[in-house]
Protein chains: 2
Amino acid sequence: MAARTYTSKTAESSDKVSVICRALRRAIIEQALEPGAKLPEDSLGERFGVSRTIARHALGQLAAEGLVELRRNRIAVVATPSWQEARDAFDIRIELERLVVRQLAGKLTKPQIAELTAHVDAEDRARNGTDAVSIRLATEFHILLAHMTNSPILVRYVSEVAYRCCLTLSLYSRPHSSECAINEHRAIIAALVKGDVDKVMGLMHSHLDSVATRALVAPSPQRGRDLLDILAPYADAATGV
Amino acid sequence: MAARTYTSKTAESSDKVSVICRALRRAIIEQALEPGAKLPEDSLGERFGVSRTIARHALGQLAAEGLVELRRNRIAVVATPSWQEARDAFDIRIELERLVVRQLAGKLTKPQIAELTAHVDAEDRARNGTDAVSIRLATEFHILLAHMTNSPILVRYVSEVAYRCCLTLSLYSRPHSSECAINEHRAIIAALVKGDVDKVMGLMHSHLDSVATRALVAPSPQRGRDLLDILAPYADAATGV
DNA sequence: ACAACCCGAACTGCATGCAATTCGGGCGAT
DNA sequence: ATCGCCCGAATTGCATGCAGTTCGGGTTGT
């Protein structure tokens, strides 16, 4: 396949808006902002030295990405995906990332391999640091892979869905053990270099599936969901009496 | 699988913004707005009876979906995807829609089957109408399928990528023959009802693949691309002399 | 005839202001 | 003490205004 051209035609309109988006995205995936955290336009604007108009626009973008929930006349909050949505996000992510490695298998350049290896090394070093950084690096490994396809659309979708998955991890899995994930990342790189398409697609599938099932063990109604949902069965019982 | 709850947690913030988005989306996929068409904030605001602020916000959302291109200090224009981006979009679409039918196979309810059949009948009747309507209906069939998964995330991604594909069709394939697509839609419904997962995934794959290859026959540098790209060989020749 | 230049109109980038709505705490009734 | 109500503060929804940039056509020089 002919080399593709880099067209950095990202949506991310003006600079100020995209700066806020990036900052919030990072804060969210590092769990500095937990699901449900309030995001008033005023505070955001003040914090970033811009007017509400800009903060508002940024919130709109993040809402389009599913990281923020916007309800009319209500303060924006960090999204709180349901368990089912989390599972759906992982299902989509698996398909998208299988596509990534399918396109990449056997086509990585030397510098790309070096970059990936360096990234995983960084993940390794971060194992002693905070969980937040480990999670971010693990996510960024997948986004880095997507970038190497040179397909802006694929990058966008993989990034988005990876961020969403990150968000759900912070909701449904407290004791995060990213230990084995690092080895899985190394295995994926090796298979990519070797060019074994089926192997690497299988590796990616099982890698993401294991991350998902490790985190999303059960519908766990006690965590994250609305009070209404938690109380639904009790309400039913009440009407039954 | 237990029935999922409908949570219409769509991003689409306020009403006015989403109204404009819907209108523009429709105009774009019906080719009333061709790729490259200018979308000044003022005109949009005036046309929809809102201020520039709102029109601007809507453009931001559409840019996030990839239907509009936003460049700093420049008038927004309807997106003009490159041939490669079009191909990438179709590749992603294939995977996503395979996921849709995988989840749906053998699980359709009677009213759902009726709704799908009715939709294809509508496509049939529209064969005598304008191309624009045919294209829109064909796209909406796929989005209707996605809706039936009750997965908001999947709906969003399938819709987005389907719109993008629609956009590229208007760019790279003038003589649109959606004739056979209708029969393929019927075949997909039949396989879904029968519950043959592999069969329906295969059908969807070949359906989308044929739509893509029928449209994107070749990189076709003459259509849609930048003037710079078209003139590149001539420039080379000039420097050669 | 042609190209470069220049200037006004058009347009975007952003902040601010005002009306409408929601949020949250205190007060009174039970 | 608890529940419901009410009112002020906080917040959003949106339009408008101003400054900076781009766009396009006319003019001028060659």
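Bear in mind the structure is a predicted one, so any value in this text is a computation, not a measurement. Order of the sequence lines fixes the chain letters, A, B, ..., with proteins taken first and strands second; residue numbering starts at 1 for each chain.
A search for side-chain contact (heavy atoms from CB on, under 4.5 Å) contacts involving S159(A) returns I143(A), V155(A), Y163(A), not counting sequence neighbours. Checked against ring pair (Phe, Tyr, Trp, His ring centres under 6.0 Å), F141(A) has the following partners two or more places apart in sequence or in another chain: H185(A). Legend: residues meeting salt bridge (charged side-chain N to carboxylate O under 4.0 Å, His left out) with E30(A), ordered by chain and number and at least two apart, are R26(A), R136(A). In this structure A27(B) satisfies the side-chain contact (heavy atoms from CB on, under 4.5 Å) test together with A32(B), L33(B), sequence neighbours excluded. Looking at residues two or more places apart in sequence or on another chain, you find a salt bridge (charged side-chain N to carboxylate O under 4.0 Å, His left out) between E160(B) and R156(A), R156(B). Partners of R93(B) according to the salt bridge (charged side-chain N to carboxylate O under 4.0 Å, His left out) rule, which considers only residues two or more places apart in sequence or in another chain, are E97(B). Every residue two or more places apart in sequence or in another chain that forms a side-chain contact (heavy atoms from CB on, under 4.5 Å) with E95(B) is listed here: E95(A), L99(A), R102(A), R98(B).
Applying a 4.0 Å cut-off to non-hydrogen atoms, the residues of residues 40-50 of chain B that approach DNA chain C are P40(B), E41(B), D42(B), listed by residue number.
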What are the atom names and distances for every N/O pair under 3.5 Å that joins the protein to nucleotides 23-25 of chain D?
unit_1	atom_1	unit_2	atom_2	d
dC23(D)	OP1	R74(B)	NE	2.7
dG24(D)	OP1	K38(B)	NZ	3.1

Find every protein N or O atom lying less than 3.5 Å from an N or O atom of nucleotides 6-8 of chain C, and list the pairs.
none

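At whole-Å resolution of the value, CZ in R56(B) and P in dG13(D) are 18 Å apart. In this structure, the CD1 atom of I54(B) is 11 Å from the P atom of dT16(D), given to the nearest Å.
End-to-end axis angle for the helix from dA1(C)-dT30(D) to dT30(C)-dA1(D), using five pairs per end and rounding to 10°, comes out at 0°.
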Under 3.5 Å, which donor-acceptor pairs link side chains of residues 42-50 of chain A to any protein atom two or more places apart or in another chain?
none

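In this structure, R52(A) does not reach the dA15(C) phosphate: none of its side-chain N or O atoms is under 4.0 Å from OP1 or OP2.
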